[in-house]
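Quick note: numbers below take in every heavy atom, side chains included, and nothing from hydrogens, waters or symmetry partners. Naming convention: chains lettered A, B, ... in sequence-line order (proteins, then strands); numbering from 1 in each chain.
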Amino acid sequence: MPKNLIGSLELEDPFDLVATLESGQVFRWRRVDSKWYAGIVGRYPLLLRQEPGKLVYRCDFGIANEIEEALFAFFRLDDSLLDVYESVNGDAKLSDVIKRNLGLRLIRQEPWECLISFVCSSVSNIPRISRNMEAIAKKTVSPKLVDTHSIYPFPTVAQLANCREEELRELGLGFRAKYVTRISWLIANEQFDLFGLKSASYNDAKTALMSLPGVGAKVADCILVFSFDKLQGFPVDRWVRRSIKERYFENTYVTDTDIVSWAQERWGSYAGYIQQYLFQDQRLINARR
DNA sequence: GAAGGGCCTTTGAG
DNA sequence: ACTCAAAGGCCCT
């Protein structure tokens with residue numbers, strides 16, 4: 001019988017679990033009842049819910065210390081959001097954005113799943129990316145059980161490399177299917193060292209990622225920010241582009257590349273955080289219309 | 001070499 | 001029924 005390990009992590013820094021899990025960084029967390037979210041952190045399938053001042057988890061195996069270490073790393077509790085907020089205190093154009101999204105955090109993801117997520121994100125939408133990713137997992141692996149809830153791990157490189165393009169198209173990936181199969185093959189056959197990028201510089205890692213089919217500047221920056229700790233990355237998608245142009249370049253022509261360099265100059269290693277706030281804010285504003 | 005346009009799949013909303 | 005948009009990238013000009 002699995003033991004029911006329930007514990008919690010004290011939260012000092014601003015933290016909004018729902019906003020963070022539903023901000024389009026990760027795509028396979030699901031709400032299993034009114035308060036719990038089910039997903040995977042590190043090697044632990046678990047349930048999470050937030051209570052005042054703490055993050056409560058339920059995991060059916062493992063040691064509390066190690067689970068909490070994994071949670072700490074996953075939610076980047078080593079970053080201070082207060083420092084981020086303070087650094088942009090003088091920018092009136094950001095104050096409302098920060099205020100509306102307090103506690104939104106970047107997540108430190110496993111690179112392989114992150115890569116596939118954002119290859120699948122191209123001209124898609126968040127509900128669909130979630131369905132695609134979940135369909136891939138259900139097709140290739142068997143679920144873990146936490147309490148009564150099934151949680152599917154994401155397939156390994158070798159497991160996904162066994163899928164044919166046609167099979168992925170049947171899951172609804174569309175033209176992105178060929179990118180996923182090609183990338184899986186390249187990594188599985190050691191033609192591309194994904195995990196080695198952790199020690200590379202931002203520029204080197206970005207150039208390397210962009211050599212993969214289906215990975216351009218935007219997707220590369222997502223992977224760099226979300227799983228390789230390169231927080232100067234600034235993914236420019238249609239929401240962020242619109243937001244930045246409205247706020248800072250009303251009457252000036254800028255390309256996406258211009259926006260990236262401008263943001264890095266302005267926000268440095270906080271650019272990744274600012275981008276996530278702008279993205280989330282613009283998306284929520286749009287949803288209300 | 002930079003920039004712009006067409007094309008790629010599927011799904012849901014209006 | 002039809003059109004549009006959705007965390008873009010690739011290829012051609």
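Side-chain atoms of A/Gln282 stay outside donor-acceptor range of the base of C/dA7, with no qualifying N/O pair under 3.5 Å. The base of B/dT10 is not paired with the side chain of A/Arg131 by any donor and acceptor separated by under 3.5 Å. One can find a donor-acceptor pair under 3.5 Å joining the base of B/dT10 and the side-chain atoms of A/Arg128.
In this structure, the nucleotide among C/dC10, B/dA3, C/dG8 sitting nearest to the side chain of A/Thr255 is B/dA3. Listed nucleotides C/dC10, C/dA7, C/dG8 differ in distance to A/Tyr179; the shortest reach to its side chain belongs to C/dC10. Relative to the side chain of A/Arg242, the nucleotides C/dA7, B/dG12, C/dA6 differ in distance, and C/dA6 lies closest.
A stacked arrangement is not assigned to A/Phe118 and the six-membered base ring of C/dA7, the conditions of a centre distance below 5.5 Å and an interplanar angle below 30° not being jointly met.
Summarising the geometry, the separation between CD1 on A/Ile259 and P on C/dG8 is reported as 14 Å, rounded to the nearest angstrom. The interatomic distance linking A/Arg176 (CZ) with B/dT10 (P) rounds to 9 Å, in whole Å. The interatomic distance linking A/Asp221 (CG) with C/dG9 (C1') rounds to 14 Å, in whole Å.
Ring centers of A/Trp262 and A/Tyr248: under 6.0 Å apart, within the cut-off.
Across all strands shown, A/Pro213 has heavy atoms under 4.0 Å from sugar-phosphate atoms exclusively, and none from any base.
Listed here is the closest heavy atom pair of A/Gln109 and A/Ser227: O-CB, 3.0 Å.
In this structure, B/dA2 forms no base pair with any nucleotide, since neither Watson-Crick nor G-U wobble geometry is met with both distances under 3.5 Å. Across all strands shown, the partner of B/dA13 is C/dT3, judged by Watson-Crick or G-U wobble contacts whose two distances both fall under 3.5 Å.
For B/dT9, the OP1/OP2 oxygens have a side-chain nitrogen or oxygen of A/Arg169 closer than 4.0 Å. The phosphate of C/dA6 has OP1 or OP2 within less than 4.0 Å of a side-chain N or O from A/Arg238. Not one side-chain nitrogen or oxygen of A/Tyr253 sits closer than 4.0 Å to the OP1 or OP2 atom of B/dA2.
For the P atoms, the distance linking B/dC7 with C/dT3 amounts to 15 Å, nearest Å.
No donor-acceptor contact under 3.5 angstrom links the side chains of A/Tyr179 and A/Glu165, judged on distance only.
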